[in-house]
Asker: 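Below is a structure I'd like to ask you about.
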Amino acid sequence: MQTLVTILVFAPIIAAAIAGLFGRRIGNVASQAVTTGGLILACGLSWYTFSQWTWGHMEAFTVNLLPFIHIGDFQANWSIRIDALSATMLIVVTTVSALVHIYSWGYMAEDDSKPRFFAYLSLFTFAMLSLVTAADFMQLFFGWEGVGLASYLLIGFWFKKPSASAAAIKAFVVNRVGDFGFALGIMTTYWAFGTIQFAELFPMIASHAGKTWEFAGHTWPLMDIACFLLFIGAMGKSAQFFLHTWLPDAMEGPTPVSALIHAATMVTAGVYMLCLLSPMFEYAPVTKNIVTVIGAVTALFAATVGLTQNDIKRVIAYSTCSQLGYMFFAAGVGAYQAAMFHLFTHAFFKALLFLGAGSVIHGMHHEQDMRRYGALAKLLPITFIAMTIGTIAITGLGIPPLGLGFAGFYSKDTIIEAAFAAGGNNGVAMFAWVIGVLVAGLTSFYSWRLAFFTFNGSARWGHDDHAHGDAHAAQGPDDHAHDAHGDDAHGHDDHAHDDHGHKPHESPWVMLFPLVVLSIGAVAAGFVFANDFVGEAQTEFWRGAIFTAPTNHVLHQAHQVAEWVKWSPLIASIIGLVIAAYVYLLKGDQRLGLKVAERKGPLYVFFYNKWFFDELYAATFVRFAKFLGDLFWKGGDQKIIDGLGPDGVSNLSYEVGKRTGKLQTGYLYHYAFVMLLGVAGLLTFALYAFR
């Protein structure tokens with residue numbers, strides 16, 4: 001088994017090296033085959049590992065491969081840790097990645113840099129596998145930064161496109177803010193416990209729970225400080241409120257990238273870290289409340305913004321941000337198992353929605369403005385069915401008394417019920433429950449809005465004008481950047497098609513096959529695994545991988561809440577569905593949504609402009625950073641260092657040479673006159689010197 005998991009982890013990086021270093025020699029097809037084959041192998045081994053853990057009663061183990069960093073007492077090894085958490089993440093990462101690799105054969109068919117693209121995909125997968133199998137903080141940080149690097153490369157894959165390059169830089173910089181806090185959290189943990197090995201660290205935490213730290217004249221609870229700093233890292237990687245601004249812009253990368261990185265894997269790294277570090281967070285009550293509030297606010301913020309967006313991928317991106325909020329406040333109230341369950345089910349239906357959106361964009365000749373869609377159900381039947389399944393899954397439709405529904409019904413409802421159960425003696429948890437129910441309704445509205453806008457109503461793709469659909473009247477600068485061909489014009493001028501007059505078409509089967517597989521997961525993942533993740537078999541399934549304090553009975557109490565609590569998210573979802581159907585189906589011809597946008601009400605403008613966070617950050621942090629950059633660059637570097645240093649010496653030498661060069665006139669009598677002056681000077685000196 002140890003050999004198999006080693007192959008599992010390293011297969012993607014070997015494939016990435018082959019495609020990246022030798023792609024031009026072996027060709028496009030061979031590069032795609034090597035990377036895709038490596039991921040299919042890793043995926044098969046991941047499912048085998050997961051099955052052995054779930055049904056074969058395999059015990060947790062760690063494979064120590066080689067020393068990583070050994071400096072004095074600081075010991076970090078390269079290891080592979082297998083337990084319930086890592087086994088779950090292995091199948092999430094490799095399944096989505098393998099399907100994205102297959103999907104990309106069709107989606108990236110016209111691109112001229114396929115070896116580079118597939119190498120980046122496999123590099124990302126390896127970094128993510130390193131992260132989820134880490135046995136200590138050092139390897140966790142390595143994988144953490146590795147996925148950040150791969151994300152930068154993939155978002156900016158079409159580097160000739162200015163918006164893609166800007167989005168890649170934005171994602172990289174914002175994540176550096178979070179990673180700075182994450183690094184401080186790791187340092188604090190090592191300072192307090194003397195180790196970064198999880199196996200050594202976790203047993204020590206209970207005995208250090210009351211330890212404090214004197215700093216700046218105050219006494220701080222050490223565990224809360226360490227966990228809060230670590231949580232800042234999770235905020236950046238998982239795009240939580242305040243550090244969320246990079247995620248929607250990351251849609252500038254190819255759609256397969258959106259599905260792989262920003263829907264199912266990288267952005268869930270923060271949730272995974274919180275659940276992995278549950279032994280620490282269980283003894284950090286203040287930080288847990290902060291996690292709960294940030295998660296709830298993120299869920300609300302992203303849902304409200306998603307109501308008004310017109311770019312099909314941006315709607316799904318904000319949906320991702322909102323669903324991550326659910327996972328975070330689940331961990332905040334102590335329902336770590338529910339957070340991981342939603343992470344698991346979300347991977348299927350969110351990857352399905354993103355790849356389905358890519359199929360629509362492909363069929364619409366790289367158009368991704370939903371206002372130019374409509375009546376696509378008959379022209380893209382398989383994509384329509386797949387995205388409808390994904391929409392039902394994300395909205396959590398199901399029947400509470402029967403316990404039957406699609407994947408999101410089981411995981412999201414468990415989170416909402418857990419928040420209510422924890423709210424009995426915790427006002428913060430009750431706040432999260434209220435937000436959770438409200439966001440369930442908002443999620444239903446914007447998800448069905450996307451579905452109705454895209455597949456139903458009248459065809460708007462045959463027109464050249466922009467005055468159709470809703471919200472055009474309030475179109476902002478971001479939309480103008482996407483109007484012509486969206487982010488999927490393949491990033492190159494020679495691939496920017498102008499095919500709006502062509503009839504939409506269904507995608508090839510190499511793109512539809514992943515949709516079919518993910519549809520099965522979106523339907524059945526919740527029903528099949530609910531008992532293991534959050535049901536009666538949860539203790540046997542997790543086997544200590546997630547720690548809950550003796551006083552934490554949230555998940556048990558969640559199953560015993562009143563019936564009206566269980567019905568509340570479903571009722572909210574149905575209300576959202578009914579309103580969306582009324583606006584975009586029954587009143588679609590009256591352009592009810594357009595009329596709302598034309599009024600430009602303050603609430604609509606506030607939501608449409610993303611709560612003005614980009615403008616706020618641009619006016620404060622960005623402008624201040626630019627001021628400092630100009631000050632140190634133009635004032636310090638150019639004027640002082642270069643001006644008084646090499647540039648100054650060079651300019652002085654140039655001026656002296658320029659002026660003295662004027663003495664070289666080329667006239668003989670000038671030189672004779674200078675010689676005469678020299679002789680006179682020497683004679684004068686001699687007369688005075690030897691008197």
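Atom set for the values below is all heavy atoms of this structure, side chains included, hydrogens, waters and symmetry mates excluded. Quantities reported herein were computed from a predicted structural model and do not represent experimental measurements. Here, residue 1 is the first one in the sequence, and each next residue gets the next number.
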Asker: Measuring from atom NE2 of H70 to atom CG of N77, what distance do you get when rounded to the nearest 0.5 angstrom?
Answerer: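 Here the rounded value is 3.5 Å.
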Asker: Taking atom types as modelled and ignoring hydrogens, do the side chains of T255 and Y107 form a donor-acceptor contact shorter than 3.5 angstrom?
Answerer: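 There is such a pair (donor and acceptor under 3.5 Å, judged by atom type) between the side chains of T255 and Y107.
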Asker: If I take atom CG from residue N310 and atom CZ from residue R372, how far apart are they, to the nearest 0.5 angstrom?
Answerer: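 These two atoms lie 11.0 Å from each other.
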Asker: Let me confirm one number: the CG-OG1 distance from L222 to T188, rounded to the nearest 0.5 Å.
Answerer: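 Those atoms lie 7.5 Å apart.
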Asker: Apply side chain to side chain contact (heavy atoms under 4.5 Å, CB included) to L324 and H244, showing your working.
Answerer: CA-CA 11 Å; L324 288 167; H244 65 274; over 6 Å; no
Asker: Let me confirm one number: the CD1-CZ distance from I18 to R25, rounded to the nearest 0.5 Å.
Answerer: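 These two atoms lie 13.5 Å from each other.
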Asker: Are F241 and F613 an aromatic pair by the rule of ring centers under 6.0 Å?
Answerer: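 Yes - the distance between ring centres of F241 and F613 falls below the 6.0 Å cut-off.
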Asker: Determine, for K170 against D614, whether the closest basic-nitrogen to carboxylate-oxygen distance falls under 4.0 angstrom.
Answerer: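 Salt bridge flag = yes for D614 with K170.
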Asker: For the side chain of T298 and the backbone of I294, is there at least one donor-acceptor N/O pair under 3.5 Å apart?
Answerer: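 Yes, because the side chain of T298 sits within donor-acceptor range (under 3.5 Å) of the backbone of I294.
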Asker: Any donor and acceptor pair, going by atom type alone, linking the side chain of Q139 with main-chain N or O of S79 inside 3.5 Å?
Answerer: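 At least one qualifying donor-acceptor pair exists.
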Asker: Tell me which one of S258, S165, S163 satisfies side chain to side chain donor-acceptor pair (under 3.5 Å) with E252.
Answerer: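 Exactly one option meets the side chain to side chain donor-acceptor pair (under 3.5 Å) with E252, and it is S163.
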Asker: Mind listing the closest non-hydrogen atom pair of H101 and F118 along with its distance?
Answerer: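 Nearest heavy atoms, H101 then F118: O-CE2, 3.4 Å.
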Asker: Does some side-chain heavy atom of F124 sit less than 4.5 Å from a side-chain heavy atom of L149?
Answerer: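 They are not in contact (no side-chain heavy atoms under 4.5 Å apart), so the answer is no.
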Asker: Under the rule for side chain to side chain contact (heavy atoms under 4.5 Å, CB included), what residues qualify as partners of F228, not counting sequence neighbours?
Answerer: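 Result, side chain to side chain contact (heavy atoms under 4.5 Å, CB included) vs F228: I232, T287, I290.
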Asker: With rounding to the nearest 0.5 Å, note down the distance linking CG in L260 to OH in Y120.
Answerer: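 So the gap between those two atoms works out to 15.0 Å.
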Asker: More than 12 foreign heavy atoms under 6.0 Å from CZ of F606: is that the case here?
Answerer: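 More than 12 within 6.0 Å, yes.
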Asker: Could you tell me how the ring of F301 sits relative to the ring of W611: parallel (under 30°), tilted (30 to 60°) or perpendicular (over 60°)?
Answerer: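 The rings of F301 and W611 stand perpendicular, inter-plane angle above 60°.
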Asker: If we only count heavy atoms from C-beta on, is the L140 to F182 side-chain gap below 4.5 Å?
Answerer: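 Side chain of L140 against side chain of F182, heavy atoms only: contact under 4.5 Å found.
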Asker: Write down the atom of G106, the atom of H362, and the distance for their closest heavy-atom approach.
Answerer: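 What the structure gives for the nearest pair is O-NE2, 4.5 Å.
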Asker: Just grab all the salt bridge (charged side-chain N to carboxylate O under 4.0 Å, His left out) pairs involving residues 139-148, residues at least two apart or on different chains.
Answerer: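 Counting only pairs at least two positions apart or across chains, the salt bridge (charged side-chain N to carboxylate O under 4.0 Å, His left out) contacts touching residues 139-148 are E145-R176.
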Asker: May I ask you to decide if A357's main-chain N or O and Q368's side chain share a donor-acceptor pair within less than 3.5 Å?
Answerer: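 Absent.
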Asker: Considering all heavy atoms of both residues, which atom of A259 and which atom of V100 are nearest to each other, and what is their separation?
Answerer: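 Taking A259 first and V100 second, the nearest heavy atoms are CB-CG2, 4.2 Å.
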Asker: Taking all non-hydrogen atoms of both residues, which atom of F137 and which atom of T189 are closest, and how far apart?
Answerer: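 It is CE1-CG2, 3.9 Å.
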Asker: Go through the steps for D637 and F632 under the test side chain to side chain contact (heavy atoms under 4.5 Å, CB included), then give the verdict.
Answerer: CA-CA 6 Å; D637 192 19; F632 288 115; over 6 Å; no
Asker: Okay, side chain of S653, backbone of V649: is any donor-acceptor separation there less than 3.5 Å?
Answerer: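 No, the answer is negative, given that no donor and acceptor are paired below the 3.5 Å cut-off.
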Asker: Give, for atom OG of S322 and atom CD1 of I316, the distance between the pair rounded to the nearest 0.5 Å.
Answerer: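 That separation rounds to 13.5 Å.
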Asker: Before you tell me yes or no, could you show the steps for I196 and F74 under side chain to side chain contact (heavy atoms under 4.5 Å, CB included), namely the whole-Å CA-CA distance, both residues' side-chain angles and the distance that decides it to 0.1 Å?
Answerer: CA-CA 8 Å; I196 59 169; F74 186 88; 3.5 Å; yes
Asker: If every non-hydrogen atom of K237 is compared with every non-hydrogen atom of W246, which pair is closest and at what distance?
Answerer: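 So the two residues come closest at O-CZ2, 3.5 Å.
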Asker: Just by modelled atom types, is the F354 backbone N or O under 3.5 Å from a matching donor or acceptor in the K313 side chain?
Answerer: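 No, because the side chain of K313 does not come within donor-acceptor range (under 3.5 Å) of the backbone of F354.
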Asker: Starting from the C-alpha separation in whole Å, work towards a yes-or-no answer on side chain to side chain contact (heavy atoms under 4.5 Å, CB included) for T620 and F624.
Answerer: CA-CA 6 Å; T620 53; F624 181 66; over 6 Å; no
Asker: Which heavy-atom pair separates M273 from L230 by the least distance, and what is that distance?
Answerer: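 Heavy-atom minimum between the residues: CE-O, 3.1 Å.
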Asker: Between R314 and D249, is there a salt bridge with N-O shorter than 4.0 Å?
Answerer: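 A salt bridge is present here (some side-chain N lies under 4.0 Å from a carboxylate O).
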Asker: Using the ring pair (Phe, Tyr, Trp, His ring centres under 6.0 Å) definition, which of the options W105, F157, W158 pairs with F117?
Answerer: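 The option that passes is F157.
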